[in-house]
Amino acid sequence: MTRHVVVVGAGITGLTAAYVLTNGEPRARVTLIERRDRVGGNIETVRCDGFLLDGGPDSFLSTKREGAELCRELGLGADLIVPRPEAKKVYMVHQGRLEPMPGGLALAIPTQIGPMLSTPLVSFPGKLRMLGDLVLPRRPTSSDESIEDFIARRFGREAARRLAAPLLGGIYAGDIGELSILSTFPQLVEVEKKHRSLAKGLLALQLARSKQSGAATKSSGPPSPFMSLKGGMGDLVNALVQRLPPDTLRCGRSVERVEPVGDSYRVLLDGDESLEADAVIFASPAHATAKMVPDAQLAAELAAIPYISTATVFFAFPRAGLERPLDGVGFVAPKDEAEIIAGTWVSSKWDGRAPDDQVLVRAFLGGARAKVDVAKTSDDDLARIAQRALEQLMGRLGTASLTRIFRYIDSNPQPIVGHGARVARIEARLRSLPGLYVIGAAYDGVGIPDCVRQARSAAKRVREERLADS
């Protein structure tokens with residue numbers, strides 16, 4: 001007997017769940033519903049005039065195996081790439097200038113004393129306070145705390161705001177004073193528990209990985225933890241779509257609500273259409289899922305997960321017109337140092353992103369400390385603000401030969417302090433609603449590997465809990 005599974009949301013999480021459920025599984029018929037006319041969620045790759053633009057994420061962490069494993073499973077293993085060997089340097093905006101990040105930083109944690117002593121990014125008193133990590137005791141409790149409080153407790157408030165805020169908070173475009181350390185960087189909490197000193201613990205981990213892989217030397221440094229695809233991250237989305245059975249994907253349709261009917265569910269779509277489902281996997285944003293689920297308590301918990309908006313602005317410039325070489329990955333900006341959050345020198349970071357005589361850069365705007373409302377500001381104004389900020393930091397850029405803007409409105413979930421407890425309450429409530437599942441960046445990690453892991457886990461649970469007797 002075939003069971004019907006409805007997956008709501010065709011971002012990377014929903015696509016992966018649908019792919020896993022239909023891959024060699026005769027017991028499941030899957031319908032994947034996407035309200036927009038395109039799939040991929042925040043993953044969006046555009047090719048034009050010899051340029052390749054990843055509007056959303058341009059890579060994933062190779063240290064989390066699920067991303068690379070899925071690429072290889074889909075036949076994309078030969079297309080996996082790492083950043084260009086010379087793209088090692090990262091800059092920080094400091095007093096209106098781009099200063100190189102000190103060597104030896106791992107997740108904003110210094111593992112080498114020399115580079116930190118010479119950097120102008122932290123004051124001398126701030127550097128002295130950072131040494132406290134070497135002698136301070138472990139935290140006696142395991143309760144949640146913000147990223148800022150966690151880093152400040154070990155290294156001081158200045159280090160938290162100057163280093164951790166742009167580097168760690170920037171991943172979420174969020175405020176480290178609100179983001180949960182347990183839900184964003186639990187590995188740092190584990191390092192403190194095991195080693196006490198974060199600096200010593202991360203250095204020990206780096207040395208162990210280097211010894212195991214044999215890939216790092218003092219001259220070359222550790223290998224990049226990031227991977228992408230030659231054709232951009234959109235190739236992963238396309239490969240997943242191509243592996244879905246015909247008639248699985250339905251774009252341009254919205255789920256209005258889901259109602260229980262006995263031990264199954266009725267999925268009500270716009271246009272008065274309904275689908276009967278034995279299981280429903282919500283891979284949509286939490287605030288959207290909250291409007292569909294058939295339980296007020298669950299809806300309230302989902303709706304309480306905050307989201308923020310961001311935008312990326314791409315520019316291409318003739319290489320000959322640049323005032324300075326783009327000798328690295330790009331830069332990040334602490335609060336109040338720039339009108340933008342960060343800038344990526346795309347053509348310096350990845351091969352094959354621009355013609356040889358052009359450079360491709362992108363600026364990030366919005367987030368928790370946005371100076372402009374990226375949802376309401378016009379394209380022309382966003383481009384003007386972004387180019388002005390880039391030129392203030394990078395010097396003369398010339399006339400743009402390409403400009404492209406991508407907006408991600410209410411698309412960036414914020415795992416604030418207490419997020420883990422909220423997720424536990426969501427999971428507890430779902431146990432009273434067998435056959436309903438919620439997965440995605442809002443719950444247990446925002447990266448592509450995290451979303452893939454959640455999708456595989458949900459598919460496994462559907463097989464065990466809803467398909468086992470069919």
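All of these numbers come straight from a predicted model, not from anything done at the bench.
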*Asks:* Nearest heavy-atom pair of Val93 and Arg162: which atoms, and what distance?
*Replies:* O-NH2, 3.5 Å
*Asks:* In plain terms, say whether Glu148 and Arg157 are close enough for a salt bridge, that is, a side-chain N and a carboxylate O under 4.0 Å apart.
*Replies:* yes
*Asks:* Hey, can you tell me if Tyr91 and Trp345 have their rings parallel, tilted or perpendicular (30° and 60° cut-offs)?
*Replies:* tilted
*Asks:* So, does Asp133 use its side chain to make a donor-acceptor pair with the main chain of Leu198 at under 3.5 Å?
*Replies:* yes
*Asks:* Does Asp58 pair with Lys349 as a salt bridge, N-O distance under 4.0 Å?
*Replies:* yes
*Asks:* Is any side-chain heavy atom of Ile340 closer than 4.5 Å to one of Leu390?
*Replies:* yes
*Asks:* Within the structure provided, determine whether Pro83 and Trp350 are in side-chain contact (heavy-atom separation under 4.5 Å).
*Replies:* yes
*Asks:* Please determine if Arg453 and Asp444 form a salt bridge, counting it only when a charged side-chain N lies under 4.0 Å from a carboxylate O.
*Replies:* yes
*Asks:* How close do Ala164 and Ala108 get, counting heavy atoms only, and between which atoms?
*Replies:* CA-CB, 3.9 Å
*Asks:* Answer yes or no for Arg404 and Phe406: cation-pi contact, defined as NZ/CZ to six-membered ring centre under 6.0 Å and angle to ring axis within 45°.
*Replies:* yes
*Asks:* Counting only N and O atoms by type, is there a donor-acceptor contact under 3.5 Å from the side chain of Thr111 to the main-chain atoms of Gly104?
*Replies:* yes
*Asks:* Could you tell me the separation between the CD1 atom of Ile12 and the CG atom of Leu240, rounded to the nearest 0.5 Å?
*Replies:* 5.0 Å
*Asks:* Give the C-alpha distance, both sets of side-chain angles, the deciding distance and a yes or no for side-chain contact (heavy atoms from CB on, under 4.5 Å) between Asp175 and Gln414.
*Replies:* CA-CA 9 Å; Asp175 181 351; Gln414 300 294 286; over 6 Å; no
*Asks:* For a 4.5 angstrom cut-off between non-hydrogen side-chain atoms, does Met101 reach Leu121?
*Replies:* yes
*Asks:* Find the distance between CG (Leu52) and CE (Met233) and round it off to the nearest 0.5 Å.
*Replies:* 11.5 Å
*Asks:* Do the charged groups of Arg154 and Glu192 touch, with an N to O distance under 4.0 Å?
*Replies:* yes
*Asks:* Pro334 versus Arg161: any side-chain heavy-atom pair under 4.5 Å?
*Replies:* no
*Asks:* Check Val361 against Met394 and note the closest heavy-atom contact, atom names and distance.
*Replies:* CG1-CE, 4.3 Å
*Asks:* Using 0.5 Å steps for rounding, measure from the CG atom of Leu70 to the CG atom of Leu76.
*Replies:* 8.0 Å
*Asks:* Is there a donor-acceptor contact under 3.5 Å from the side chain of Ser62 to the main chain of Pro225?
*Replies:* yes
*Asks:* If you count every heavy atom of other residues, nucleotides or ligands that lies below 6.0 Å from Lys335 atom NZ, does the total exceed 12?
*Replies:* no
*Asks:* Go through the steps to decide whether Thr119 and Lys127 satisfy the test side-chain contact (heavy atoms from CB on, under 4.5 Å), and finish with yes or no.
*Replies:* CA-CA 9 Å; Thr119 182; Lys127 294 171 183 176; 4.2 Å; yes
*Asks:* How long is the gap from CZ on Arg35 to CD1 on Ile33, to the nearest 0.5 Å?
*Replies:* 13.5 Å
*Asks:* Are side-chain heavy atoms of Leu107 and Leu188 found at a separation under 4.5 Å?
*Replies:* yes
*Asks:* I'd like to know whether Ile151 forms a side-chain contact (heavy atoms from CB on, under 4.5 Å) with Ile109, so could you lay out the CA-CA distance, the side-chain angles of the two residues, the decisive distance to 0.1 Å, and finally the verdict.
*Replies:* CA-CA 9 Å; Ile151 299 296; Ile109 306 302; 3.7 Å; yes
*Asks:* Check the side chains of Ser143 and Arg139 for a donor-acceptor pair under 3.5 angstrom, ignoring hydrogens and angles.
*Replies:* yes
*Asks:* Would you say Leu74 and Tyr19 make side-chain contact, with heavy atoms under 4.5 Å?
*Replies:* yes
*Asks:* Asp336 vs Lys371, test: salt bridge (Lys or Arg N to Asp or Glu O under 4.0 Å). Steps then yes/no.
*Replies:* CA-CA 9 Å; Asp336 298 328; Lys371 295 182 180 295; 3.6 Å; yes
*Asks:* Can any side-chain N or O of Asn42 pair as donor or acceptor with the backbone N or O of Gly56 at less than 3.5 Å?
*Replies:* no
*Asks:* Could you tell me whether the side chain of Ser401 and the main chain of Ala316 form a donor-acceptor pair under 3.5 Å?
*Replies:* yes
*Asks:* With rounding to the nearest 0.5 Å, note down the distance linking CG in Leu61 to CE in Met227.
*Replies:* 11.5 Å
*Asks:* Please report the interatomic distance CD1(Ile405) to OG1(Thr312), rounded to the nearest 0.5 Å.
*Replies:* 9.0 Å
*Asks:* Return yes if some donor-acceptor pair links the side-chain N/O of Arg425 with the main-chain N/O of Gly420 below 3.5 Å, else return no.
*Replies:* no
*Asks:* With the side chain counted from C-beta on, respond yes when Val346 and Phe314 share a heavy-atom pair under 4.5 Å apart, and no when they do not.
*Replies:* yes
*Asks:* Yes or no on side chain to side chain donor-acceptor pair (under 3.5 Å) for Glu44 and Tyr408, after CA distance, side-chain angles and deciding distance?
*Replies:* CA-CA 11 Å; Glu44 189 173 3; Tyr408 299 96; 3.2 Å; yes
*Asks:* Check this for me: does any side-chain nitrogen of one of Lys64 and Glu66 sit under 4.0 Å from a carboxylate oxygen of the other?
*Replies:* no
*Asks:* Between Arg407 and Ser378, which heavy-atom pair has the shortest distance, and what is it?
*Replies:* NH2-C, 3.5 Å
*Asks:* Test salt bridge (Lys or Arg N to Asp or Glu O under 4.0 Å) on Glu69 and Arg72; report intermediate values, then the result.
*Replies:* CA-CA 5 Å; Glu69 284 184 353; Arg72 295 186 179 101; over 6 Å; no
*Asks:* Tell me whether Arg196 contacts the main-chain N or O of Leu136 through its side chain, where contact means a donor paired with an acceptor under 3.5 Å.
*Replies:* yes
*Asks:* Please name the pair of heavy atoms, one in Glu34 and one in Gly11, separated by the smallest distance, quoted to 0.1 Å.
*Replies:* OE1-N, 4.3 Å
*Asks:* Are there over 12 heavy-atom neighbours, none belonging to Ile113, within less than 6.0 Å of that residue's CD1?
*Replies:* no
*Asks:* Look at atom CZ of Arg97 and say whether more than 12 heavy atoms of other residues, nucleotides or ligands are closer to it than 6.0 Å.
*Replies:* no
*Asks:* Looking at Gly440 and Cys451, what are the two nearest heavy atoms and their distance?
*Replies:* C-SG, 4.3 Å
*Asks:* Just checking Asp357: does its CG atom have more than 12 heavy atoms from other residues, nucleotides or ligands closer to it than 6.0 angstrom?
*Replies:* yes
*Asks:* Verify, without hydrogens or angle tests, whether Asp144 (side chain) and Gly418 (backbone) share a donor-acceptor contact under 3.5 angstrom.
*Replies:* yes
*Asks:* What I want to find out is whether Glu339 reaches Arg388 closely enough, with some N-O distance under 4.0 Å, to be called a salt bridge.
*Replies:* yes
*Asks:* Would Asp235 and Thr45 count as a side-chain contact (heavy atoms from CB on, under 4.5 Å) here? Give the steps.
*Replies:* CA-CA 8 Å; Asp235 278 4; Thr45 300; over 6 Å; no
*Asks:* Examine distances only and state if a side-chain atom of His287 and a backbone atom of Asp410 form a donor-acceptor pair shorter than 3.5 Å.
*Replies:* yes
*Asks:* Could you check if a side-chain atom of Leu269 sits within less than 4.5 angstrom of a side-chain atom of Arg250, using non-hydrogen atoms only?
*Replies:* yes
*Asks:* Determine whether a donor-acceptor pair (N or O, by modelled atom type, separation under 3.5 Å) exists between the side chain of Arg253 and the backbone of Gly271.
*Replies:* no
